[in-house]
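Just so you know, residue 1 is the first one in the sequence shown, and it goes up from there. When reading the values below, keep in mind they use all heavy atoms of this one structure, side chains included, and skip hydrogens, waters and symmetry mates.
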Amino acid sequence: MKEFVILAHNYVRPEVQRMADFVGDSLELVRKVKEVEVEYIVFAGVDFMAEMAVILNPDKKVIHPDPCSKCAMAARVKAQDILKAKGKYPDAEVVTYVNSSAEVKAVSDVTCTSANAVKIAKSMKSDRIIFAPDKNLAHYVAMQTDKEIIPVAENGCCPVHHALSAEDVARNLEKHPEGEVIVHPECTPEVIKLADFVGSTSALIRHIKETSAKTIIVGTEIGIISRMKRESPEKNIVPASKYLVCPDMKMITVEKLARAIEQKGPIVHVNEGVCEGARRALEKMIELSPPA
Ligand code: SF4
């Protein structure tokens, strides 16, 4: 059995991505975590991703090279907020974006990622869905389904994607009128309205390969741009804003990764009781969203 596997999210630094055994979006990483046969999973991403690796693969030791790297959106919703919403809407089912704490997942019916949020929402029995934490993704899901989607938190959004404005996109379109606009569903409804394609990070990478457009304006975290350029060198790939930088994803550096492997830590721990509930919600997502 291999000793280490390095899994990395599409948003971490390009040099960290190059050190990884596998790079992907949240859904791909969730699936990968379940497959790997190693002693240590080293997770290059933010806190909730490393937590998911522990929850889904409890027999493996999971290392997070910098425990201070925390998703700002995940921190905006607490389990208490979900329980309060459930009390108010007892007939609703709870769909929680994986960008959330293990405690929040544990009180949810099912999790989703940006790649499968619409599919998961459509597959729920109830016509009413409590959705957390991302209000922008909630809005996008509501546009794609006939379910009533109830966002939980007024400030529930990714500060990075939320900062991209319709004016930023319009400015890019002025410079590149022939450009195609592709964005992540964590962007605001105003930005999504201007987009030709909306998808998870991996869907955006695939779309660039498939589209006939030569110039593509990309509205997501810029860590993904180098991979897009590497995999589609013939395309002119333009970041929609140079400010789309997630500081927490960038906290994982090559040096921290090397030190984590050398020291075999820090190891991530998740409370056993919480783990069980969160695993149920994650496993339900995997069951409802098999690979295509
Ligand atoms: S880009 Fe946004 S959603 Fe992703 S980890 Fe950073 S703060 Fe969280």
Side-chain angles (χ1 to χ4, degrees), residues 9-14 25-26 45-46 69-77 97-100 112-115 117-118 131-145 149-208 211 213-229 232 235-251:
H9 189 268
N10 284 319
Y11 292 161
V12 296
R13 293 168 185 270
D25 65 16
S26 299
V46 289
S69 161
K70 296 175 186 291
C71 170
M73 167 157 62
R76 291 181 177 185
V77 170
Y97 195 23
V98 289
N99 300 37
S100 55
C112 70
T113 70
S114 56
V118 172
F131 195 98
D134 190 3
K135 63 177 181 181
N136 290 333
L137 183 59
H139 185 272
Y140 178 69
V141 171
M143 277 176 13
Q144 307 292 318
T145 67
I149 308 288
I150 303 163
V152 169
E154 191 41 48
N155 69 344
C157 63
C158 163
V160 180
H161 288 88
H162 196 74
L164 179 66
S165 67
E167 290 73 28
D168 291 327
V169 175
R171 239 186 336 265
N172 276 294
L173 278 170
E174 258 175 49
K175 276 194 228 154
H176 307 281
E178 76 297 357
E180 194 174 74
V181 178
I182 66 171
V183 305
H184 193 276
E186 287 172 16
C187 292
T188 64
E190 295 74 32
V191 166
I192 284 182
K193 231 187 259 172
L194 297 174
D196 299 295
F197 180 79
V198 181
S200 68
T201 52
S202 294
L204 297 180
I205 289 170
R206 273 196 304 276
H207 182 79
I208 290 178
T211 180
K214 295 279 177 281
T215 297
I216 301 108
I217 299 159
V218 181
T220 193
E221 213 275 353
I222 59 171
I224 201 171
I225 301 288
S226 61
R227 180 169 168 202
M228 287 171 165
K229 286 185 173 169
S232 300
K235 301 283 169 84
N236 178 27
I237 297 164
V238 181
S241 161
K242 63 178 179 185
Y243 299 111
L244 289 174
V245 180
C246 175
D248 283 274
M249 287 284 189
K250 302 298 178 269
M251 286 171 78

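With sequence neighbours left out, the salt bridge (charged side-chain N to carboxylate O under 4.0 Å, His left out) criterion links Glu221 to Lys250. The salt bridge (charged side-chain N to carboxylate O under 4.0 Å, His left out) test applied to Arg171 returns Asp168, not counting sequence neighbours. The salt bridge (charged side-chain N to carboxylate O under 4.0 Å, His left out) test applied to Glu174 returns no partner, not counting sequence neighbours. Judged as a side chain to side chain donor-acceptor pair (under 3.5 Å), and not counting sequence neighbours, Asn155 has no contacts. With sequence neighbours excluded, the residues satisfying side chain to side chain donor-acceptor pair (under 3.5 Å) with Arg227 are Asn10, Glu231.
The two residues Asp134 and Cys157 have their closest heavy-atom pair at OD1-CA, 3.5 Å. What you find for Val191 and Ala166 is that their closest heavy atoms are CG2-N, 3.7 Å. Smallest separation of non-hydrogen atoms from Pro239 and Ile222: CB-CG2, 4.0 Å. Nearest heavy atoms, Gly219 versus Cys187: O-SG, 3.6 Å. Considering all non-hydrogen atoms of both residues, His9 and Met249 come closest at ND1-CE, 3.6 Å. Across Val98 and Ser26, no two heavy atoms sit closer than the pair CG2-CB, 3.9 Å.
Looking only at distances, no side-chain donor or acceptor of Ser232 sits under 3.5 Å from a matching main-chain atom of Lys235. Here the side chain of Asp248 pairs no donor or acceptor atom with the backbone of Val46 at under 3.5 angstrom.
The line from CD1 of Ile182 to OG1 of Thr220 is 9.0 Å long, rounded to the nearest 0.5 Å. Note: Leu244 CG to Ser241 OG = 4.5 Å, rounded to the nearest 0.5 Å. Atom OH of residue Tyr11 and atom CD1 of residue Ile224 lie 6.0 Å apart, to the nearest 0.5 angstrom. Atom CE in Met251 sits 5.5 Å away from atom OG in Ser69 (nearest 0.5 Å). Expressed to the nearest 0.5 Å, how far CG of Asn172 lies from CD1 of Ile216 amounts to 12.5 Å. Ile217 contributes atom CD1, which lies 4.0 Å from atom CG of Leu173 (distance to the nearest 0.5 angstrom).
Among residues at least two apart or in separate chains, ring pair (Phe, Tyr, Trp, His ring centres under 6.0 Å) pairs with a member in residues 178-205 are His161-His184, Phe197-His207.
Other residues, nucleotides and ligands place more than 12 heavy atoms under 6.0 Å from the NE2 atom of His176. For CD of Glu178, the number of neighbouring non-hydrogen atoms (other residues, nucleotides, ligands) closer than 6.0 Å is greater than 12.
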For this session: For Val245 and Val160, run side chain to side chain contact (heavy atoms under 4.5 Å, CB included): C-alpha distance rounded to whole Å, both residues' side-chain angles, the deciding distance at 0.1 Å, then the answer.
Result: CA-CA 6 Å; Val245 180; Val160 180; 5.8 Å; no
For this session: Kindly indicate, with the supporting measurements, whether the criterion side chain to side chain contact (heavy atoms under 4.5 Å, CB included) is fulfilled by Ser114 and Tyr97.
Result: CA-CA 8 Å; Ser114 56; Tyr97 195 23; 3.6 Å; yes
For this session: Could you go through the side chain to side chain contact (heavy atoms under 4.5 Å, CB included) check for Glu180 and Thr215 one step at a time?
Result: CA-CA 6 Å; Glu180 194 174 74; Thr215 297; over 6 Å; no
Exercise. Given Ile237 and Lys229, is the side chain to side chain contact (heavy atoms under 4.5 Å, CB included) satisfied, shown in steps?
Worked result: CA-CA 7 Å; Ile237 297 164; Lys229 286 185 173 169; 4.3 Å; yes
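Contact check for Met228 versus Leu204: side-chain heavy atoms found under the 4.5 Å cut-off. Side chains of Val141 and Phe131 form a contact here, defined as non-hydrogen atoms less than 4.5 Å apart. Put simply, the side chain of Asp25 does not reach to within 4.5 Å of the side chain of Thr113, judged on heavy atoms.
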